[in-house]
Amino acid sequence: MEDKNTDNVDLSKAGGQTKLRIAVQKSGRLSEKSLNLLKEAGISLTNGERKLLAQSGSYPIEVLYLRDDDIPQYVKDGVADVGIVGENEYAEKGSAADIIERLGFSRCRISLAIPKQHEYTGPEYFEGKKIATSYPVILQNYLDEKGVNAEIHVISGSVEIAPAIGLADGIFDIVSSGSTLISNGLSEVDVVMKSEAVIIGDKDMEPGKMEILNDLLFRIRSVQAASNNKYILLNAPNDKLDEIIAVIPGMKSPTVMPLAESGWSSVHSVLSEKQFWQVIGKIRELGAEGILVIPIEKMIV
Ligand code: ATP
Ligand code: MG
């Protein structure tokens with residue numbers, strides 16, 4: 001049973017030695033989600049106590065645990081074949097390597113913020129001012145693009161307190177809910193970049209590794225499709241069947257089976273999470289009853 005997950009990957013190539021080395025964040029906001037993604041893709045790691053390098057007994061992969069700042073460079077140097085990193089960190093390190101897949105988690109934005117009592121007039125507000133940030137490269141590119149001269153003060157943490165302690169006039173930092181800004185008396189004035197977790201790597205990697213990567217991507221997409229969709233079962237009056245089916249088209253088309261009670265059918269389909277509540281509202285209006293919604297574990301698309 002151990003080998004169940006290796007079905008699609010030919011381990012016999014290169015004497016079974018070819019492994020894909022993937023860099024993930026050692027500890028931080030990306031770690032748990034990155035490892036969870038691998039786990040859901042059927043990849044179990046042997047040394048769980050997070051040494052620098054972990055192996056998998058079930059898949060030709062090695063996991064390298066690093067600080068997120070180091071991941072783009074390790075991938076660029078070929079020490080790791082691919083890495084899971086925030087797009088912001090990838091951009092900050094000069095877009096080393098290629099973005100291979102967007103993962104949709106750890107979404108955030110990188111924004112400029114100023115003390116809330118000040119009036120923002122546009123990027124020229126920052127002319128001659130001091131901005132504290134951990135992302136000097138992205139910020140400098142933005143300022144150059146806008147033709148603004150500002151002094152960038154690089155700090156590695158707690159950027160949001162810089163204006164209050166007189167270190168800077170504004171900040172350029174990660175924002176997700178915005179609550180950190182509010183509690184520091186700052187207001188977000190310009191969203192410079194939107195970010196999510198991405199897989200980076202060299203698109204021209206050696207064929208053996210590419211084969212493993214493609215299999216991994218196939219698994220990841222199946223896991224993601226599953227979490228973005230639900231399986232739905234409902235009872236529909238036959239005279240409304242066509243209208244109900246039109247709102248829940250499913251993967252190909254819904255399964256329709258007669259109920260024991262005449263005049264009614266059971267309809268099974270797949271529904272995207274995004275339109276979920278809207279569709280449920282419509283089918284109820286059309287007379288659907290006994291609606292059951294079930295999570296999908298994997299969805300092969
Ligand atoms: P390391 O110790 O590895 O250098 P770090 O402190 O630089 O970690 P984290 O705070 O763990 O970084 O954040 C890692 C990544 O997670 C960020 O680069 C960003 O892409 C994303 N991220 C950061 N903060 C948030 C947030 N509040 N919401 C969503 N995503 C975030
Ligand atoms: Mg970091």
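Each ligand, and each atom within it, is numbered from 1 in the order the structure gives. No hydrogens, no waters, no symmetry mates; every other heavy atom, side chains included, goes into these values.
Between Y125 and D169, the side chains place no donor N or O within less than 3.5 Å of an acceptor N or O (distance only, hydrogens not considered). N88 and E92 are not linked by any side-chain donor-acceptor pair at a separation below 3.5 angstrom, with hydrogens and angles left out of the test. Side chains of E160 and T180: no donor on one and acceptor on the other come within 3.5 Å.
Within ligand 1, the atoms closer than 4.0 Å to a non-hydrogen atom of S176 are 26 (C), 27 (N), 28 (N), numbered from 1 in the order shown. Below 4.0 Å from some heavy atom of G86 lie the following atoms of ligand 1, by number and element: 20 (O). For ligand 1 and I174, the ligand atoms under 4.0 Å from any heavy atom of the residue are 17 (C), 19 (C), 23 (C), 24 (N), 25 (C). Listed by number with element, the atoms of ligand 1 under 4.0 Å from a non-hydrogen atom of G28 are 11 (O). Ligand 1 places these atoms under 4.0 Å from at least one heavy atom of S106: 29 (C), 30 (N).
Contacts of R107 with ligand 1, taken as heavy-atom pairs under 4.0 Å, involve the backbone alone. Contacts between Q25 and ligand 1 below 4.0 angstrom, taking non-hydrogen atoms only, involve the side chain exclusively.
If you look at D68 and ask which of its N, O or S atoms sits nearest the Mg ion (ligand 2), the answer is OD1.
Scanning the protein heavy atoms around atom 23 (C) of ligand 1, the nearest turns out to be R29 CD, 3.2 Å.
K203 has no carboxylate O lying under 4.0 Å from a charged side-chain N of D98, or vice versa, which leaves the two without a salt bridge.
The Mg ion (ligand 2) has an N, O or S atom of D69 closer than 2.8 Å.
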**Report entry** Worked check of side-chain contact (heavy atoms from CB on, under 4.5 Å) between I171 and N184
**Finding:** CA-CA 11 Å; I171 66 163; N184 284 282; over 6 Å; no
